[in-house]
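This chain uses plain numbering: 1 for the first residue, then up along the sequence. Atoms considered below: every heavy atom in the structure, side chains included; atoms not considered: hydrogens, waters and symmetry mates. When a ligand or atom number is given, it counts from 1 through the structure's own listing order. Everything numeric in this text was worked out from a predicted model, so none of it was measured.
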Amino acid sequence: MTTANQSLPDTDYDLTQEQIDAYRRDGFIQLNDVITGPDLQELRDSVARAVESESGGQIDPNRKRGGYEEIFIQKVNLWQRHPDVKRFVMCRRFANLAARLSGRSIRVWHDQALFKEPRTGAKTPWHQDTHYWPHQQKDDQLTIWIALKDATIHNGCMSFIPGTHKIKTIEPINLANPQDIFQLAPQFKGIKPKTCELKAGSVTFHNGLTFHYAGPNKSDGMREAFAILYIPDGTTYSGTAHCVTDPLLPGLKVGDKLDGDMFPLVSDV
Ligand SMILES: O=C(O)CCC(=O)C(=O)O
C-alpha cells in the first residue's frame, strides 16, 4: 500500500510464494505493472534523456555502426552520472523484488539502457549473462528488464528457456558472432521458449545463467528497455576483463568483494 507521502518506487510490489517458486524453478519471471503512471513516465524520460545526452544529442539512424551497436544502443551505469536515473536504480520497489526472488541480500552490479533502433536493431542472440562478468560466483545474479515502452514480438521483446539457469559450464556466447547455444547444450534443443511481451512498466527478472534472446526491432519506433543487474552481497572479483571494473577500480584485487559505493547494497533479506 502507498501512503500519502510515499511514492510508488518507495513501496513493495505484491509477490506471491508461487511467483517466487516459479522464478527459482524456471530462472525467470514476468511481473506486470511494476511501475506505472507518472513514475513510469519519469523513469522513461530520465533514461531517454540520459541516452540522448550520452549519444551526443539526436541519434543519427544512418551512422556507421559496429559490434553491439548493430543490436542496440547500450549505455552502462547511468546511475553514476544521472541523479534522476539513480533514484530508480536505488529504489526499494525494484531492489526488494530482486532480493525476495533470489532470497539474497543484493547489491547493484550495474545498470544499462538497451535501446533497439527502429527497423535496424538486430536480434540479441541466445546467451547467458554470468559468463561475461568478473565474478567468482555464478549463482543468484539477476536482472530486472523494464519495458519503458511496450515490448512486443514485433519490436524485440525477451524470450527465455525455462530451467537453463542450472547450466553453469558452457562457454560465453560472442554476441557479435554467436555460436549456437543449443549445440553447446543439446538437451535444451527443441524446448519451446517462453516469450514475454510486456506493456510499458511491466518487467521480467532473469537469473544471469538463464538462456535468453530478444528478436530484431521490425517496428518504426525505438524499443526502449532499462535493465538493473544485481549481485548477491559477498560476490568477489575474478579478474576477468569487464567495462564496469576496467580500468581497474583503485586497489581492486582478485578475490576482493565487490562492495562499497560502486556496488551499493540496495536490499537486505
Ligand atoms: O534487451 C535485449 O535485447 C537483451 C537484453 C539482455 O540480454 C539482458 O538484459 O541480459
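Taking the six-membered ring where tryptophan is involved, the planes of Phe28 and Phe160 are essentially parallel, since the angle between them stays under 30° and well short of 60°.
Checking Val108, Thr235, Asp233, Leu249 one by one against Phe263, the side-chain contact (heavy atoms from CB on, under 4.5 Å) holds for a single residue, Leu249.
Remark: Thr152 pairs with His154, Asn155, Glu197 by the side-chain contact (heavy atoms from CB on, under 4.5 Å) rule, at least two apart or across chains.
No donor-acceptor contact under 3.5 angstrom links the side chains of Ser102 and Asp140, judged on distance only.
Annotation for Lys253: atom NZ does not count as buried by contact number, only 12 or fewer foreign heavy atoms lying within 6.0 Å. Atom NZ of Lys138 has more than 12 neighbouring heavy atoms from other residues, nucleotides or ligands inside a 6.0 Å radius.
Residues of the protein with a heavy atom under 4.0 Å from ligand 1 are Phe72, Leu114, Lys116, Thr124, His127, Asp129, Trp145, Met158, His206, His212, Ala214, Arg223, listed by chain and number.
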